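Let me begin by presenting the structure, written as structure tokens, before commenting on it.
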Amino acid sequence: MELGKECIFPIEDALEMILMFDQTGKISYANNAARQKLEYDNDLCGKNICDIFPNEFRLAEEQFVLEDFVGSELKNLVAYRKNLTCFPVEAKLLSDADSEMYICMANDILEKEFLNREIDRIKQEAQDAMKVKSEFVANVTHELRTPVNGILGNLRELSEQELDKATVKSLNLIERCCDDMNKIINSILDFSKLEAGKFSLEPRKFNFRNMMDYVKANHINKITEKGLGFFVTISPQIPECIIADELRIVQILNNLLSNAQKFTSVGKITVEAVRTAQINNRMELFFIVSDTGIGIDEGDKDKLFQSFSQVDASISRKYGGTGLGLNISKQLVELMGGKIEVESEKNKGSTFSFSIWVDICEGEDAVLQQPNDEKRVTGAFSAMGVSPDEEEALEDIRQYGTDANLKNLKRTLSKLILCVEMENWEKAEMFMDTVKQLTNEAPKEIKRTVLRLKMAIQKENYDKVDAEFKELNNLL
Ligand code: ADP
């Protein structure tokens with residue numbers, strides 16, 4: 001069978017090289033791609049396949065033994081051109097029993113390899129640039145700390161002097177701004193260290209209950225001031241002392257609790273810590289932070305743990321924040337060998353839970369050998385960490401017109417007006433959020449008054465607030 005340029009096979013114009021040869025290796029057909037790549041004219045037919053692939057195909061006593069190759073993918077073959085230069089190919093060999101012919105289909109992988117190398121190079125460059133950027137961010141944020149702390153130091157010195165009310169108010173405001181700035185600097189610093197892989201945990205022995213008390217003390221005022229319930233429970237199965245990075249556990253809990261408090265106006269916040277597993281001297285702890293706040297849409301859950309991600313722009317405008325907290329928490333939890341998850345329902349609340357592995361201190365084993373010790377807690381808590389009875393009570397508070405709702409509304413309004421009288425507009429706005437939630441289902445007239453009250457508070461207009469407050473009280 002002598003096939004040449006005039007061949008009418010559709011394979012003639014195929015992108016891969018196609019060569020047909022007999023049992024002696026003699027090529028009887030080469031398609032256009034093969035002729036071009038191997039730089040032959042019409043003289044490829046008649047050549048031997050061993051001239052093209054001398055490293056792989058050999059003739060032994062005029063006998064061409066290829067059966068081992070047939071059907072399989074042949075990687076890293078070297079194809080030789082007419083001028084004896086070569087290039088790498090990937091090939092496949094087929095045999096046709098009837099005509100006793102072989103067909104070799106080969107692809108030039110030089111370009112593919114070149115592209116792969118280019119991709120690797122670009123990837124490496126991007127990683128290097130990322131590292132430089134992270135180091136730059138880390139340096140700059142570190143440098144920012146000095147002036148902020150300088151302002152804070154001077155501020156404290158100033159506060160010790162006798163000052164008029166207005167100056168004290170301004171100084172307090174500056175102090176709060178500095179504290180906020182420090183929080184942002186610390187978040188960016190942690191984030192860039194984690195991104196650059198330069199973050200390491202510092203485990204040491206500490207008292208677990210003392211740590212939880214400290215976390216509780218950090219948040220109790222802000223939470224209860226908002227009129228929310230706050231409950232912290234620690235399983236007795238957790239020993240007094242453990243070995244872990246206390247500072248970082250506190251950081252994760254602080255972040256989750258700050259969010260819970262930020263996004264909740266009605267109901268309660270709960271924290272639960274339990275022991276879920278033990279292997280030798282390592283123990284898994286499981287934390288659950290639940291709130292009955294604004295909740296998160298199913299579709300937004302994936303975004304939560306990404307860096308700089310806030311659910312939507314209106315949330316960031318209203319509640320502030322950098323969108324780094326949950327990403328840092330996730331990375332810290334993973335460094336501690338655990339996982340962080342969220343369950344949430346819009347307008348019902350959110351439950352963030354995370355696990356970490358810690359070391360058990362010597363001598364604490366006795367505490368751990370109690371019955372039911374190994375009970376895992378997954379599924380033991382309802383999605384919101386709220387029992388059906390409690391959920392009903394919460395529904396009652398939210399439902400306009402119920403006793404619980406009215407009581408809560410009046411209590412919140414009286415706190416609100418007190419804040420206005422003390423010119424604490426920010427806190428008044430916070431209570432306004434609660435009033436808005438509690439009157440979500442109220443008649444239009446009440447809702448309009450609530451809206452006007454909210455606008456008056458935002459404009460810090462005492463007289464207007466007073467008028468709308470009285471109007472609302474009458475309507476209620
Ligand atoms: P930020 O510092 O901006 O709060 P986070 O990473 O801690 O950043 O949170 C990212 C976003 O996740 C928040 O802006 C908010 O939209 C959402 N979120 C976090 N916690 C809660 C919660 N308990 N309830 C509702 N939304 C939440």
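As the structure lists them, so they are numbered: ligands from 1, and atoms in each ligand from 1. Hydrogens, waters and symmetry mates play no part in the numbers below; they use all other heavy atoms, side chains included. These figures come from a predicted structure and were not determined experimentally. By convention here, the first residue in the shown sequence is residue 1.
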Give a yes or no on whether the backbone of E202 and the side-chain of R248 come within a donor-acceptor separation of less than 3.5 Å.
no

Ligand 1 versus D291: contacting region, heavy-atom distance under 4.0 Å:
side chain

Taking atom types as modelled and ignoring hydrogens, do the side chains of T276 and E284 form a donor-acceptor contact shorter than 3.5 angstrom?
yes

Within the supplied structure, the quantity of interest is the number of heavy atoms (other residues, nucleotides, ligands) at a distance under 6.0 Å from E426 CD; does it exceed 12?
no

Yes or no: does F352 have any heavy atom under 4.0 Å from an atom of ligand 1?
yes

Using a 4.0 Å cut-off to any heavy atom of L304, which atoms of ligand 1 qualify?
12 (O), 17 (C)

With a 4.0 Å cut-off on heavy atoms, is K262 in contact with ligand 1?
yes

Does ligand 1 come near enough to N259 that some N or O of the ligand is less than 3.5 Å from an N or O of the residue?
yes

Test your reading of the structure: does L326 have an N or O sitting under 3.5 Å from an N or O of ligand 1?
yes

Once you restrict to heavy atoms under 4.0 Å, what part of L256 touches ligand 1? Side chain, backbone, both or neither.
neither

Using a 4.0 Å heavy-atom cut-off, which part of I296 comes near ligand 1: side chain, backbone, both, or neither?
side chain

Under 3.5 Å, is there a donor-acceptor pair between the side chain of N327 and the main chain of F305?
yes

Determine whether the side chains of S265 and D433 contain a donor N or O and an acceptor N or O closer than 3.5 Å.
no

Return yes if a side-chain donor-acceptor contact under 3.5 Å exists between N186 and Q251, otherwise no.
no

For S350, is the nearest heavy atom under 4.0 Å from an atom of ligand 1?
yes

Where do Q124 and D128 land on the side chain to side chain donor-acceptor pair (under 3.5 Å) test, with the steps shown first?
CA-CA 6 Å; Q124 189 58 44; D128 290 348; 3.1 Å; yes

